[in-house]
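Structure first, then comments.
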Amino acid sequence: MTQKPTLSDWNTLAAKEVKGRDLTWHTPEGFAIKPLYTEEDHAGFDPGLPGFAPFTRGVKASMYAGRPWTIRQYAGFSTAEESNAFYRRNLAMGQKGLSVAFDLATHRGYDSDHPRVVGDVGKAGVAIDTVADMQILFDQIPLDTMSVSMTMNGAVIPVLAFFIVAAERQGVSQDKLEGTIQNDILKEFMVRNTYIYPPEPSMRIISDIIAYTSANMPKFNSISISGYHMHEAGATAVQELAFTIADGKEYAARAMAAGLDIDAFAGRLSFFFGIGMNFFMEIAKLRAARTLWYQVMDDLGAKDERSKMLRTHCQTSGVSLQEQDPYNNVIRTTVEAMAAVLGGTQSLHTNALDEAIALPTDFSARIARNTQLVLQEESGICNVVDPLGGSHYIEALTATLVADAEAMMAEVDAAGGMTAYVATGAPKAAIERAAAEKQTKVDMGETVIVGVNKYRKDSEDPMDTLEVDNQMVRTGQIARLAKVREGRDEAACRAALAALTAGCADGENVLALAVAAARHDATLGEISSAMEEVFGRHDATPAPVSGVYASAYEFDRRWAQVTDGVEAVGRRLGRAPRIMIAKMGQDGHDRGANVIASAFGDMGFEVVSGPLFQTPEESVAMALEHDVDVVGASSLAAGHKTLIPELIRLLREAGRGDIKVTAGGVIPPQDYDYLREAGVQGIYGPGSNVVECAADILVLLGHNMPPLGEGLDEAAE
């Protein structure tokens, strides 16, 4: 009888096979991943059974064997009419729920005719200024049977009010409405930045929405606590878990402090997580999230088991999508979708292959949607509940994530809760450092991105992309705004807006007052301004981390070439070369801008970080004030053809056409020639190597920079 092999036997055999090479893999979370896991690695961790506390293995006993997850594709662009037609096509082809993307003007509480949003209207989502727009958005879509998710945080009050009133005008009462409003403002202050009001009044708004929906909209989820945007900003899995669950704990505590019974609202709280390419880590993350939320809600005194169930929507990662060799993105999205499903998500959005450079076309959106249909209908993945439950690796990862997230959440508690912790800037700084560390590993080739830093094609294939005519959309929105204002009872509207302002000061429920104003056709900008009179508007300037790139590249020869070049340009100028990182328009995603600022600072550039949400005029004024040599314009929301040419025109008018202007971010390759003709001297899309971007800018500044690969031996000496 053959003796059963031991773990020691395996170690001996494996070491022989790989000639003693260490197979340990270190994750961004700092986990040392072994090549083999056994039951000893998760001893003492009991995930239980699906449908039972602590819900690690799923919130329902039958999970997808009883009912598959909801296919809920996130979409919105251009006008309400265009988005409505897109929704109805997708619903006809198998999509089961709606998830609305709003444009940045809407997110930031501006009507489409506001001068600050000239380049933003209809670009990264649908423009919604009035109840009339919302009615068109859901035309022929029955709101008494369709579940609607709306990603809205800053202007959450007017948007939710418009939804309620649009449903009323469709003949649907509030108690029949199903869906979710994101309403997660704390993560906006950490990563996404589409806030309007300061933290404290923003938290008051959340409590008011939870109170109103608990009383009037029993089928509607009053908040979707979002780790997705932390994930996209570069957070590790531990950071995403800890900060997201801590956000949820803070919202629940605030609602309880406002007098609400936890079991009256907690069952309508939901979550939203990002799913990246570390397949098993993402599966374990969702299992750990359910475990953590159960513990938090139990500690807060929830009695109803439904209050302790973490129900979540997931979206595949946008950051993992690449401009280069973009059909690889179909594979990435499929891998991430499988992780979300094996982790037990309740609904899922799968990104389209072209979203690294533009809004999805009907062609790419169909592939993204069909990815989920194939998984549901062809893979057999729905037939077994938590099929990876009991995997030694999965259970060990889940247990480790729970323990590490608990330790990080204890730091949040020690700071006085998540609102206080966010105010210190610590979570934002931690996520930015993690993002910079991830980017260095990509730039150095330690993290392989197929088609980007390995297996790169000689030339990229052209791809058709969707482009929104921003000026046409804005003109149409301005005309509809004028028509609504002309047709309303102006005195009644003004009285309702005045009541809203007074209620903000007096502690009345602001959503109830906004619904009254929406019934009198107040616009989104008017409702937001009425609240801003009391609450004020929050502003912030990025503060990039330092030292991450310098440490990672300490012995890199190309880095030495670049830093030597920066010093040489500095000697010629009599000071360090000066670059301003400009974020124009209403896009608050600042991961790329912060990474560039951090890296260039480490290379020796003097970096001027402009505040978020600048106009071209404000960016030019700042560039002139600081006498910069280069303006690096970051664009992620398709405003590059409007805002960047205007910046260049204003610089020339000011007599400073010598200031170099470069552009980085989500820019379709077919727009490169347009930007170059407008005067842009360097364009750096997704996947660009940050060190090579700096080398290119040194050439723009007149330095004789050797091409990549030349002179590296001399640089090493």
Is the shortest heavy-atom distance from the side chain of T398 to the side chain of F45 under 4.5 Å?
yes
side-chain hydrogen bond (donor to acceptor under 3.5 Å, both in side chains) pairs touching residues 264-279, sequence neighbours excluded, are N221-R268
For S226 and D184, test the side chains for any donor-to-acceptor distance below 3.5 angstrom and give the result as yes or no.
no
Give a yes or no on whether the backbone of D144 and the side-chain of E178 come within a donor-acceptor separation of less than 3.5 Å.
no
State whether a side-chain donor-acceptor pair under 3.5 Å links N193 with E188.
no
Is there a donor-acceptor contact under 3.5 Å linking the side chains of Q182 and S224?
no
Measure the acute angle between the ring planes of F243 and Y421, then classify it against the limits of 30° and 60° as parallel, tilted or perpendicular.
tilted
Ion pair K428/E432, N-O distance below 4.0 Å:
yes
Sorted by chain and number, sequence neighbours left out, salt bridge (charged side-chain N to carboxylate O under 4.0 Å, His left out) with E200 holds for R254
Would N329 and Q322 count as a side chain to side chain donor-acceptor pair (under 3.5 Å) if you check the C-alpha gap in whole Å, the side-chain angles of each, and the deciding distance to 0.1 Å?
CA-CA 7 Å; N329 293 333; Q322 303 297 326; over 6 Å; no
For the side chain to side chain contact (heavy atoms under 4.5 Å, CB included) test, which of D298, L300, L292 pairs with V296?
L300
Parallel, tilted or perpendicular: ring planes of F220 versus F163, cut at 30 and 60 degrees
tilted
D247 (side chain) donor-acceptor with L186 (main chain) under 3.5 angstrom
no
Polar side-chain atom of E355 near backbone of A352 as donor-acceptor pair, under 3.5 Å:
yes
So, taking the atom named CE in M309 and the one named CZ in R290, what distance separates them when rounded to the nearest 0.5 Å?
11.0 Å
With a 3.5 Å cut-off and no angle check, do the side chains of E232 and S317 form a donor-acceptor pair?
yes
Is any side-chain heavy atom of M146 closer than 4.5 Å to one of V148?
yes
Checking side-chain polar atoms at under 3.5 Å, does R311 have a donor or acceptor matched by the opposite partner on Q346?
no
Verdict with reasoning, L397 to T400, per side chain to side chain contact (heavy atoms under 4.5 Å, CB included)
CA-CA 5 Å; L397 275 180; T400 304; 5.6 Å; no
Filter on salt bridge (Lys or Arg N to Asp or Glu O under 4.0 Å), then keep only pairs touching residues 49-72, sequence neighbours left out; what's left?
R57-D386
Would a distance-only check, ignoring hydrogens and angles, find a side-chain to backbone donor-acceptor pair under 3.5 Å from R204 to C504?
yes
For the atom pair CZ (R108) and CG (N153), what is the distance rounded to the nearest 0.5 Å?
12.5 Å
Salt bridge (Lys or Arg N to Asp or Glu O under 4.0 Å) partners of residues 395-412, not counting sequence neighbours, each pair once
R287-E395
Is the terminal nitrogen or CZ of K34 (NZ for Lys, CZ for Arg) located under 6.0 angstrom from the six-membered ring centre of Y37 and within 45° of that ring's axis?
yes
Assess the side chains of T345 and T312: does a donor N or O sit below 3.5 Å from an acceptor N or O?
no
Can you find a side-chain donor-acceptor pair between H392 and H42 that sits under 3.5 Å?
yes
Donor-acceptor contact present, side-chain D263 to main-chain A302, <3.5 Å:
no
Donor-acceptor pair between T106 and D103 side chains, under 3.5 angstrom:
yes
Is it true that Y228 and F273 have ring centroids separated by less than 6.0 Å?
no
Excluding sequence neighbours, so at least two apart, what forms ring-ring contact (aromatic ring centres under 6.0 Å, His included) with F52?
none
Any donor-acceptor pair under 3.5 Å from Q586 side chain to H107 backbone:
no
Check whether K303 reaches the backbone of G301 with its side chain - one donor and one acceptor, N or O, closer than 3.5 Å.
yes
Between T213 and M217 (side chain of the first, backbone of the second, donor and acceptor by atom type, cut-off under 3.5 Å), is there such a pair?
no
Any donor-acceptor N/O pair, S62 side chain to A65 backbone, under 3.5 Å:
no
Short question: side chain of K176, backbone of K219 - any donor-acceptor pair under 3.5 Å?
no
With sequence neighbours excluded, residues passing ring-ring contact (aromatic ring centres under 6.0 Å, His included) with H231:
none
Determine, using ring centers only, whether W293 and F271 are less than 6.0 Å apart.
yes
So, for H538 and Y197, is the gap between ring centers shorter than 6.0 Å?
no
Check ion pair D413-K249 (N to O, under 4.0 angstrom):
yes
